[in-house]
There are 2 protein chains.
Amino acid sequence: MYIILSFVLLYILHLPMSILNYNRSNNPRLSESQEDYLKEIFKLNEVNTTVSLQDLADRLKVKPASVTGMMKKLKQLGLVTYEPYKEVALTDVGEAIALEVLRHHRLLELYLARHLNYSWDEIHEEAERLEHVISEKFEAAIAELMGHPTHDPHGDPIPTIDLEIPDSPNLTAVTAVKENNHAIIRRVMTQDSDILNMLSRLDLTIHSKITVTGKDNAGIRIRVNENQYLLPHSIARFVWVELASNI
Amino acid sequence: MYIILSFVLLYILHLPMSILNYNRSNNPRLSESQEDYLKEIFKLNEVNTTVSLQDLADRLKVKPASVTGMMKKLKQLGLVTYEPYKEVALTDVGEAIALEVLRHHRLLELYLARHLNYSWDEIHEEAERLEHVISEKFEAAIAELMGHPTHDPHGDPIPTIDLEIPDSPNLTAVTAVKENNHAIIRRVMTQDSDILNMLSRLDLTIHSKITVTGKDNAGIRIRVNENQYLLPHSIARFVWVELASNI
DNA sequence: ACCTGAAGTTAGCCTCTCCTAACTTTTAAG
DNA sequence: CTTAAAAGTTAGGAGAGGCTAACTTCAGGT
Ligand SMILES: [Mn+2]
Ligand SMILES: [Mn+2]
Ligand SMILES: [Mn+2]
Ligand SMILES: [Mn+2]
């Protein structure tokens, strides 16, 4: 009865049927590998216009042949669209699963930082493993405990319980900030422990107020807390800020 | 230098060399399956004099053929002693790993109950998955946070950081308590959700003060908080108590 | 001492995820 | 427009952990 009603509702609302199809608790559970593939496709898709199997292979630290094999399987499961030699994309169901895993990951990162005293550079690796094994109850418990946070310690948005990506402030790469302008660091787009460690030692962390004092081909000069640093472009490109004028 | 000193120390103290050999961080990580096999061998060994492959198969929900195969592998790795058609036992290294996993499991159970509002019957299943993926840092963080607890919510002892089993009070099966004697529930030796759920609804939980008011072949009659219950033997056998006279 | 059922083993097969090596298709530079 | 490098595919195989079915060994009851 409920099922019939749902179909009618979907028809009326013109929603894709697939949204209903996915339910973490009653669907056959995916493997950790499969979850990581879907999550990585989603993340690559946010940055690049198209997702190459080579990128996927690099991110997941497997060989391209393995990616081809997995794409066939995920296509079979209705989680990606894909034809040989063409680009990959998530279906609605595939995207829902990717967002579910991403929500686990980012909630866990924040939880580890806030409640178990993990430092910025330690949270990612632990969350990468835990994200696949925590239950929906665990997810709900830490989300509740933290007051349903919208962003993780890297400034990455945490998908909501309905799997929407919350709005983030309008961000600019710090490399694009003009000289003498003020800004607040809002997102650091790397998981590299060494880089995160260094940035946090310089106090270049989320919510730090900075001033861009100069730019040359060596990098970008930044003032934070009366200290000045020269940040090489290779690192600065990970740092995204909100301009002070927008605040 | 440290290594040489360690060898000398071991020689002097007559400790088994194998204790030093195992180090979770630099040894090739075992699979989740292998960890569960070792843990289950340890737990069976605490109860039975000898560990049968059949019991192991039942507990791990695999077929006996699979157990035989795994025993060969674990023997190869130096974690169990075993000859075809003979009983299995853990080596010192195998036992150290079993205790490490058991420590994770029981710390997690207590953590879930205390900090994430899990009920008695929900903790085991979640801990069963998490125990294999948390880092030593996670273990240390929750142990610290909880003040290095010695027993989990079922009354099971939590192995210390040095992998010693902490002393438990002298326990008696509630079925062996004489009529009109008082006692305190100290351990409930089942992970069955339904039974745990029922017991906790009757307030027959860890640290509950009870009085045995009668016994017949239907079961054992117990008073707790002015309420009287008839506990069938099939359930009562899981409940272990400390006699009031010992307190 | 024998017999029989329970316990344990073996062989052969499956699925999963990854690999290498050789091949094909696409793409972009000249 | 050609062609070589990059990207992607295919075939074949490894190893982990399970399974079934047929077999062997063991242990207890008569
Ligand atoms: Mn992961
Ligand atoms: Mn993050
Ligand atoms: Mn387990
Ligand atoms: Mn327990």
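So you know, we letter chains A, B, ... as the sequences are listed, proteins then strands, and number each from 1. Just the heavy atoms: all of them, side chains too, but no hydrogens, waters or symmetry mates, feed the values below.
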Quick check: are there more than 12 heavy atoms from other residues, nucleotides or ligands sitting under 6.0 Å from CG of A/Asp216?
yes

Salt bridge check: are A/Glu128 and A/Lys39 linked by an N-O gap of less than 4.0 Å?
yes

Which whole-number value in Å describes the distance from A/Arg59 CZ to D/dA7 P?
16 Å

Residue set satisfying side chain to side chain donor-acceptor pair (under 3.5 Å) with A/Lys43, at least two apart, ordered chain then number -> none

So which of residues 38-46 of chain B are in contact with DNA chain C, with a heavy-atom cut-off of under 4.0 Å?
none

Any ion pair linking A/Glu126 and B/Lys137 (charged N to carboxylate O, less than 4.0 Å)?
no

May I have the distance from B/Glu87 (atom CD) to D/dT25 (atom P), rounded to whole angstrom?
18 Å

Got a sec, which residues hit salt bridge (charged side-chain N to carboxylate O under 4.0 Å, His left out) with A/Asp121, two or more places apart in sequence or on another chain?
none

Pair up each side-chain donor or acceptor in residues 62-77 of chain A with any protein partner under 3.5 Å, not counting sequence neighbours, and list the distances.
{"unit_1": "A/Thr68", "atom_1": "OG1", "unit_2": "A/Pro64", "atom_2": "O", "d": "3.3"}
{"unit_1": "A/Lys75", "atom_1": "NZ", "unit_2": "A/Tyr82", "atom_2": "O", "d": "3.3"}
{"unit_1": "A/Lys75", "atom_1": "NZ", "unit_2": "A/Glu83", "atom_2": "OE2", "d": "3.0"}

Once salt bridge (charged side-chain N to carboxylate O under 4.0 Å, His left out) is applied, do any residues pair with A/Arg237, and if so which ones, sequence neighbours excluded?
none

For nucleotides 5-21 of chain C, read 5' to 3', which letter fits each nucleotide if B means a protein heavy atom sits under 4.0 Å from the base, S means only the sugar-phosphate is that close, and - means neither?
---BBB------BSBB-

Do the rings of B/His124 and B/His154 sit parallel, tilted or perpendicular, given the 30° and 60° boundaries?
perpendicular

